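Working notes, beginning with the structure itself.
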Amino acid sequence: MSFPDATTAYIGLGANLGEPARQVLDAIDRLARLNGVKLSAASSLYRSTALISPYSATPQNDYCNAVAAIETELSPQNLMAALLAIETGMGRLRTHQRWSSRCIDLDLLLYGDCLIDEPGLTVPHPEITKRNFVLIPLAELNPQVMIPAVGEAGKLAAAIGSDGIQRWDDAA
């Protein structure tokens, strides 16, 4: 399947409840089955230490993270709606509390070279440059991909370092 007017987009995936690796793989499979989407590649799975939440003192389980590259004919808004539908279909209940544990999280990281800032959608993802669990798998897929107005994923991943993250298979 190919789309004449396809845009390359990158999706960040993460989970830390239930069986995180299985859930991330399930989400990648669901992403690949979306109408108007062709899965190009998926990164390795990574285990990362949960961010320390300023909203809760309760420690969280480690996350399983990955990044998927897709070709899509969907608009950024329709793609975001499809990602939210996948989350809902997998049992995610969204709350207003940020950085909470979740069974699945799908983030639209990049959509071509677009800069989007509107209610409910900011691309590139506003935290992309602060998160090694996003930059490292993104750079694994395409170290030269440009994060608009910021720089190359590979250079940013090298600069941020790998503290608190390792490949899922290597994690004990």
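None of these values were measured; they are calculated from a predicted model.
Of all the heavy atoms in Ser75 and Tyr111, the pair that sits closest is CA-OH, 3.7 Å. Closest heavy-atom contact between Pro148 and Leu110: CD-CD2, 3.8 Å. Closest non-hydrogen pair, Val24 versus Ala66, comes out as CG1-CB, 3.9 Å. The minimum heavy-atom distance between Ile128 and Leu135, with the atom names listed, is O-CG, 3.3 Å. The minimum heavy-atom distance between Asp62 and Thr49, with the atom names listed, is OD1-CA, 3.7 Å. Across all non-hydrogen atoms, the minimal contact from Ile86 to Leu34 is CD1-CD1, 3.9 Å.
Gln23 places a side-chain N or O within 3.5 Å of a backbone atom of Cys103 that can act as its donor or acceptor partner. For Asn16 (side chain) and Arg102 (main-chain N/O), a donor-acceptor pair under 3.5 Å exists by modelled atom type. Distance alone, capped at 3.5 Å, places no donor-acceptor pair between the Glu140 side chain and the Val67 backbone. Listed for the Thr72 side chain is a donor-acceptor partner under 3.5 Å among the backbone atoms of Gly36. A side-chain donor-acceptor contact under 3.5 Å links Asn132 to the backbone of Asp163.
Within the 4.5 Å cutoff, the side chain of Met90 has heavy atoms near those of the Asp26 side chain. Side-chain contact between Gln77 and Leu121 is present, with heavy atoms from C-beta onward closer than 4.5 Å. Side chains of Leu115 and Pro124 form a contact here, defined as non-hydrogen atoms less than 4.5 Å apart. With a 4.5 Å cut-off on side-chain heavy atoms, Ser40 and Thr8 do not count as touching.
Distance check, rounded to the nearest 0.5 Å: CG of Leu31 to CD1 of Ile70 gives 5.0 Å. The structure places OH of Tyr46 at 6.5 Å from CD1 of Ile165, a figure rounded to the nearest 0.5 Å. Rounding to the nearest 0.5 angstrom, the gap separating the CG atom in Asp105 from the SG atom in Cys64 is 12.5 Å. Annotation: the span from Ile116 atom CD1 to Met80 atom CE amounts to 11.0 Å, rounded to 0.5 Å. In this structure, Leu156 CG and Arg131 CZ are separated by 14.5 Å, a value rounded to the nearest 0.5 Å. Considering CD1 of Ile11 and CG of Leu108, their distance stands at 5.0 Å, rounded to 0.5 Å.
Judged purely by distance below 3.5 Å, without hydrogens or angles, the side chains of Asn142 and Tyr10 pair a donor atom with an acceptor atom.
By the rule that hydrophobic residues join a cluster once side-chain heavy atoms approach within less than 4.5 Å of another member, Val150 and Ile136 end up as members of one cluster.
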Chi angles and distances behind the side chain to side chain contact (heavy atoms under 4.5 Å, CB included) call for Arg47, Arg167: CA-CA 6 Å; Arg47 180 181 301 268; Arg167 285 190 190 242; over 6 Å; no
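More than 12 heavy-atom neighbours from other residues, nucleotides or ligands sit within 6.0 angstrom of CG on Asp29.
Exactly one of Leu138, Ile28, Leu141 qualifies for a side-chain contact (heavy atoms from CB on, under 4.5 Å) with Ser43. That residue is Leu141.
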